[in-house]
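A note on names: the letters A, B, ... follow the listed sequences, proteins ahead of strands, and every chain is numbered from 1. Only heavy atoms go into these numbers, but all of them, side chains included; no hydrogens, no water, no symmetry mates.
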Number of protein chains: 2
Amino acid sequence: MAATETLTAERILEATEEVLRRYGPAKATVVDVARVLGVSHGSVYRHFRTKAALREAVTERWLERTIVALRPYVDGGQPADERLTGWLTALFTLKRRKAGGDPELMATFQVLIGENSAVVDRHEDHLVEQIAEILAAGRTEGLFAAPERDAKATARAVFDATDRFHNPAHAADWSSPAAEDAFTAVVSLVQRALRA
Amino acid sequence: MAATETLTAERILEATEEVLRRYGPAKATVVDVARVLGVSHGSVYRHFRTKAALREAVTERWLERTIVALRPYVDGGQPADERLTGWLTALFTLKRRKAGGDPELMATFQVLIGENSAVVDRHEDHLVEQIAEILAAGRTEGLFAAPERDAKATARAVFDATDRFHNPAHAADWSSPAAEDAFTAVVSLVQRALRA
DNA sequence: CCGATGACAGATTTCAATATTTGTCATTCG
DNA sequence: CGAATGACAAATATTGAAATCTGTCATCGG
């Protein structure tokens, strides 16, 4: 596997993801990444100052995909209340499928999440921002009441109230059949709270 | 430290708690517990079949204390909506004080929680039961609307929606000053959802 | 000139030998 | 007689020496 292509940050991130998938977060080393790419580990350090920075970048990429996947639910053509339910359901379904489909990968992901709380905080802000957009649209459409406190706080409250259904820390609960009902109940609670 | 008193399950549980506090969950051994009590470790096994059973009993005792501490908020003389806010605030304050005041003890507690999910599930059921009582009272008082689904599911939804503020998994977030506001926002969201 | 290399020091992890702990039970003690 | 003991086997944890990894940098090669 000689480096036929130029060594880019992008290629390193792909290789790192592969190594993390294959060996898990505890055993994945920079040397492994370099081996997959057919380069010396020194070359990896030209693109990422530390192993931690490399893992952080992978985490960021990973989280970014969720943001992109949820975008359609923010902009979609239905009424805002349906879009909100759709968005929340999509987020839950996405995470649950990931957790159920490949528990080991989810465990790896959770370790990265734990290592990079600053990245996660920024990611949460993005998600809250998307909720805020839906809520603002809902107010324009006359579906949602004007917020008692500032709009951002309400969006954050919706995010926090549904935490149990998107925070990977709770992934173990999602396989239970009761989880579906619990999710529906919380979403309906949230919808009642927002209704004009 | 001769066994001047009779060796009871109660005394063993107290000693186990002390050992867990002092050495943490990883280093606390049955031999340590026996040493504190001045007996042989074989005697401890007369009262608890396994180390796991002993830890489970400690966990149960620990959780029971929360139930007792919250009881007054269920029965208290104020209107039900205020009692609900009081109950939720008490739970959050209790947990937060525990987490902030002695982080190591909290970490120990979290390990026990993780080991004994069956006990935790039963504990959650008790808490949800307390919420359900307040909600039922609130309906009688005309403060809360009749539930769309069954009453138990609504109580569970309130519990789930506030998960971030009582689940020890989130203890790390509670020290942030934003946590207080986030909590207030979610409680106010829940109250709006329930209002008649 | 510029990206890649690999030798290197210090930090971290692995592994296998050693010690401790768990759980049992025949025996002792009151 | 029933509660407590402590010797014991099997499971688990600790330890420290050896191996590997991280991060740097002087040197190489296109």
Q: Is the ring pair H170(B)/H170(A) parallel, tilted or perpendicular, if the boundaries are 30 and 60 degrees?
A: tilted

Q: Under the ring pair (Phe, Tyr, Trp, His ring centres under 6.0 Å) test, which residues partner H166(A), sequence neighbours left out?
A: F159(A)

Q: In whole angstrom, what separates Y23(B)'s OH from dT20(C)'s C1'?
A: 14 Å

Q: Quickly work out the I12(B) CD1 to dA3(D) C1' distance and round it to whole Å.
A: 12 Å

Q: Rounded to whole angstroms, how far apart are CZ on R46(A) and P on dC28(D)?
A: 16 Å

Q: Between P on dA4(D) and CZ on F48(B), what's the gap in Å once rounded to a whole number?
A: 13 Å

Q: Please work out if V31(A) contacts a base, only the sugar-phosphate, or nothing of the nucleic acid, heavy-atom cut-off 4.0 Å.
A: base

Q: Taking donor-acceptor contacts at under 3.5 Å, does the side chain of H41(B) reach the base of dG23(C)?
A: yes

Q: Under 4.0 Å, counting only non-hydrogen atoms across every strand here, what does T29(B) touch: a base, just sugar-phosphate, or nothing?
A: sugar-phosphate

Q: Do R96(B) and E180(B) sit within salt-bridge range, that is, some charged N less than 4.0 Å from a carboxylate O?
A: yes

Q: Can you check the L7(A) CG to dG3(C) C1' distance for me, whole Å?
A: 9 Å

Q: For K27(A) and R49(A), find the nucleotide of DNA chain D closest to each by heavy atoms; which residue's nucleotide sits nearer the 5' end?
A: K27(A)

Q: Could you work out which one of dT22(D), dA4(D), dG6(C) sits closest to the side chain of K51(A)?
A: dT22(D)

Q: Whole angstroms only, please: what is the CZ-C1' distance between R35(B) and dT5(D)?
A: 16 Å

Q: Taking only the side-chain heavy atoms of S40(B) (C-beta and beyond), determine which of dT21(C), dG6(D), dG3(C) contains the nearest atom.
A: dG6(D)

Q: For L112(B) versus W62(B), what's the shortest heavy-atom pair and its separation?
A: CD1-CZ3, 3.9 Å

Q: Are R122(B) and E64(B) within salt-bridge range, i.e. N to O under 4.0 Å?
A: no

Q: Round to a whole Å and report the spacing from CG of L37(A) to P of dA4(C).
A: 11 Å

Q: What's the OH-P distance between Y45(A) and dC8(C), to the nearest Å?
A: 18 Å

